[in-house]
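One structure below.
So you know, we letter chains A, B, ... as the sequences are listed, proteins then strands, and number each from 1.
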Number of protein chains: 2
Amino acid sequence: MSRQGNVTIKDVAKRAKVSVASASRAINGVGRISQETKDRILKAAQELNYVPHFGARSLITKKNNIIGVLLPDLYGEFFSEIVRGIDYAARLGGFNILLSSYHNDENETKTAIAAMRGRVDGMVAMFPFETDDDDLRNTLNAPMVKIANSSSKAKIPLIAIDNADGAKTAIKHLYDCGKRKIAHLSGPKNNLEASDRMRGYREAMDGLELKTNIFEGDFREETGFNYAPAIARLVKDGAIDAIFVGNDTMAIGLINGFKRLGIKIPDDVALIGFDNTPVASYITPGLSSMGVDMATLGKRAVEILKQLINNDDDLQEEAHFTPVLFPRSSSVAKLREEEMTIQENLAF
Amino acid sequence: MSRQGNVTIKDVAKRAKVSVASASRAINGVGRISQETKDRILKAAQELNYVPHFGARSLITKKNNIIGVLLPDLYGEFFSEIVRGIDYAARLGGFNILLSSYHNDENETKTAIAAMRGRVDGMVAMFPFETDDDDLRNTLNAPMVKIANSSSKAKIPLIAIDNADGAKTAIKHLYDCGKRKIAHLSGPKNNLEASDRMRGYREAMDGLELKTNIFEGDFREETGFNYAPAIARLVKDGAIDAIFVGNDTMAIGLINGFKRLGIKIPDDVALIGFDNTPVASYITPGLSSMGVDMATLGKRAVEILKQLINNDDDLQEEAHFTPVLFPRSSSVAKLREEEMTIQENLAF
DNA sequence: AATCGCCATGTAAACGTTTACGCATTAATA
DNA sequence: TATTAATGCGTAAACGTTTACATGGCGATT
């Protein structure tokens, strides 16, 4: 029943007939030690199945080699991809990751941070709401980098997803497809991403000297579906020939609604969503969308954090992530074959 | 630059004018201490923004309050759901989770386990390959529960996904739909899940006294697509009227192939997949599938682990998880409305 | 009034490391 | 050969906790 690592560095030292100091030097590969005693010690450690006690080590070195990760309630691809990137970069730096996910409100979040406090060397966090950065910094007491959207003026190093810029790209794309009467089905009013995307829409339309036309939505599929009849009428009247939808989920609802009503996509009306959800490529017609590479985003966040952990001067870096366009048949009448992946190829 | 928690329990004690022993008692709420000094100490701790050093604590208590989580290279919903369940149960027990994911081969896995060793109180792990349980147990040196498929005879407490049973349910369903000439498009030969599903198919067909008909696949979408013409011919010849496909991905490829060839689903041929991937409900027609509730699975794994951590006798528990049927239009000609979710409703 | 026992608190050891410092031995230099 | 420098290794302190044990005070019991 050899449960918790009862074999200590003393045992190793004893077996190799050296002091604990030498044992430590051999194990960590630092300090002066002859090759042969080093070998002897390592052999002893191996034989005893020795594992250092990280608590004791961190007590003296003040390092945990752990970074905390705090994520909101994310689903599917979104979640797995960002964790993938974080894990990758952390492993490169010899860090383990302490994960706490599925937080929705500020209280849960603070509790989670408190639980990590003192056991992580730093943290990368993503919040679905505005945060009091000074407060956060205080309760964590370690460097932290935030993943957020660009409009938040953070007092913490930030990886900013530029939703407004993404929206502009989307509008530009619809414009390039020949559409001029471009409406927007927005996300919920108090949502930061939603308002950034709306802002981008407005600015882009202004730049093109087109008239804006906004419907207030809430990011839910059902809502998209329910909006279909009203919007379909405007499409038939020729008042709308394209829609920039606040997110893919809602766009999918809208598409399904349009299908029932016999509206032709993209001929009658072109559609583009946001987030590049996996289903965007599976639905018929394929849904054009704006997406950011979440894996790279996570990786980048950790890289900045690692810098922060090493040089403890607070560099106030802000990295920008611009969503890129994934054109599919909901906006482009005929895609050239070679632009499509095998997946998309099959789905069309 | 108040970086690492420099304020210790001694500072708290000093400020509250008590000994460190009393401070410790107040903070942990154990031992005898009067209410008023307790209050005074907690107030001092708050004022100083005190955070206990977990390393020091674990040094003496031999507990970390951390459980390790080791996952293979999973994608999307699969990954996020299982982590969700694990996180939920862990948080309930006051545990943090140390995550290491995206492992593909045995070497990476062992390295990851070694990195966690000594800093976790236990681990839940999932492997995409057969494992040497004694070896694992040795390198971790703490209790561990494995998530695997039921065919593996593990020496470690196991949460077993019963793929064979799921396959039987699938066949039974196709049979209930009136199909008798049921073929199987399998996964890769050396894959454990694939062979369990095939075994379930064989046993179910034997039980129904039907003739088996197996095509060897590899779980990839492209493969499903490429098999379409050959299988379509057999369908037209009346040799096949249903297919149990080893996983959803491949089934989706097959569906898309059939669409091009004008094969009618489910009239000409019924289809059922495995895994209940999200896209299964988005594709047209909706793909029937067998799925397990990954969130519950993860939650359950942690619950067993917690028991193991507390009573350190090795209870050799084996919990079974049986995939359940998600019927959609690829096998059922007309689904009753009330059986569908809003999502599926929209997708049809 | 003397004794007992309980209660709140303090003292100090222990947990497993790392590392500054010192000492002895060996190698390099004059 | 005498001196210095470099090397290998050990001693012991320190990190921040928890907890067994000791101590003193005070109320209750006799």
Side-chain angles (χ1 to χ4, degrees), chain A residues 2-42 44-45 48-66 115 117-121 141-142, chain B residues 2-42 44-45 48-66 94 117-121 141-142:
Chain A
S2 73
R3 262 299 141 72
Q4 288 294 12
N6 13 20
V7 34
T8 81
I9 201 172
K10 285 182 191 168
D11 302 320
V12 175
K14 200 170 293 175
R15 176 174 253 257
K17 302 195 196 308
V18 293
S19 70
V20 289
S22 295
S24 174
R25 281 188 278 258
I27 288 161
N28 296 301
V30 303
R32 293 184 302 220
I33 192 162
S34 76
Q35 190 59 46
E36 61 177 337
T37 45
K38 184 174 179 178
D39 290 344
R40 186 155 37 96
I41 292 168
L42 291 181
L48 291 174
N49 197 22
Y50 166 72
V51 35
H53 189 292
F54 291 94
R57 185 177 276 178
S58 97
L59 192 52
I60 190 112
T61 62
K62 313 258 185 237
K63 291 274 168 207
N64 303 292
N65 290 316
I66 296 184
R117 177 181 177 180
R119 51 177 36 156
V120 300
D121 298 325
N141 201 21
Chain B
S2 72
R3 263 299 141 72
Q4 289 293 14
N6 13 20
V7 33
T8 80
I9 201 172
K10 286 182 192 169
D11 302 320
V12 175
K14 200 171 294 174
R15 176 174 252 255
K17 301 194 197 308
V18 293
S19 70
V20 289
S22 295
S24 174
R25 282 188 277 257
I27 288 161
N28 295 302
V30 303
R32 292 185 302 222
I33 192 162
S34 75
Q35 190 59 46
E36 61 177 336
T37 47
K38 182 173 179 178
D39 290 344
R40 185 156 37 96
I41 291 168
L42 291 181
L48 290 174
N49 197 22
Y50 166 72
V51 36
H53 190 291
F54 292 93
R57 185 177 277 178
S58 97
L59 192 52
I60 191 114
T61 62
K62 313 258 184 236
K63 291 274 168 207
N64 303 292
N65 291 316
I66 296 183
R117 179 182 175 177
R119 53 177 36 158
V120 301
D121 298 324
N141 202 22

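You'll find the side chain of B:H53 reaches within 4.5 Å of the side chain of A:L59, heavy atoms only.
Separating the CZ atom in A:F54 from the OG1 atom in A:T61 is a distance of 10.5 Å, to the nearest 0.5 Å. To the nearest 0.5 Å, atoms CD1 (B:I27) and CD1 (B:I33) are separated by 9.0 Å. Here the CZ atom belonging to A:R119 is positioned 7.5 Å from the CG atom belonging to B:N64, to the nearest 0.5 angstrom.
Remark: C1' of C:dG16 and CG of A:L48 are 15 Å apart, rounded to the nearest angstrom. Summarising the geometry, the separation between NZ on A:K14 and C1' on D:dG10 is reported as 16 Å, rounded to the nearest angstrom. Taking atom NE2 of residue B:H53 and atom C1' of nucleotide D:dA14, one finds them 13 Å apart after rounding to whole Å. At whole-Å resolution of the value, CZ in A:R57 and C1' in C:dT18 are 9 Å apart. Following rounding to the nearest Å, B:R25 (CZ) and C:dC7 (P) show an atom-to-atom distance of 14 Å. Atom-to-atom, CZ of A:F54 to C1' of C:dT18 comes out at 15 Å; the value is rounded to the nearest Å. Atom pair A:I60:CD1 and D:dA14:P shows a separation of 10 Å (rounding to whole Å applied). The separation between A:K63 atom NZ and D:dC15 atom C1' is 15 Å, rounded to whole Å.
Distance from the side chain of A:S22 is smallest to D:dG10 among C:dG10, D:dG10, C:dT17. Side-chain atoms of B:L59 lie closest to D:dG16 of the nucleotides C:dG10, D:dG16, C:dT17. The side chain of A:Y50 sits closest to C:dT17 out of C:dT17, D:dC9, D:dT18.
Residue B:S19 has a polar side-chain atom (N or O) positioned under 4.0 Å from OP1 or OP2 of C:dG10. Proximity of A:K62 to the phosphate of D:dG16: a side-chain N or O atom is located under 4.0 Å from OP1 or OP2. Note on A:S24: a side-chain N or O is less than 4.0 Å away from OP1 or OP2 of C:dT18.
A:I9 and A:A23 get closest at one heavy-atom pair: CG1-CB, 3.8 Å. Closest approach of A:A142 to A:V120, counting heavy atoms only: CB-O, 4.3 Å. Residue B:S58 comes nearest to A:G55 through the heavy atom pair OG-CA, 4.2 Å, listed as atom of the first residue, atom of the second, then distance.
Looking at residues 26-38 of chain A, you'll see A:N28 sit with a heavy atom under 4.0 Å from some atom of DNA chain C.
Within the helix from C:dA1-D:dT30 to C:dA30-D:dT1, the inter-axis angle between the opening and closing five-pair segments is 40°, rounded to 10°.
Legend: salt bridge (Lys or Arg N to Asp or Glu O under 4.0 Å) pairs involving residues 9-21 of chain B, not counting sequence neighbours, sorted by first then second residue: B:R15-B:E47.
In this structure, the side chain of B:D121 does not engage the main chain of B:K63 through any donor-acceptor pair within 3.5 Å.
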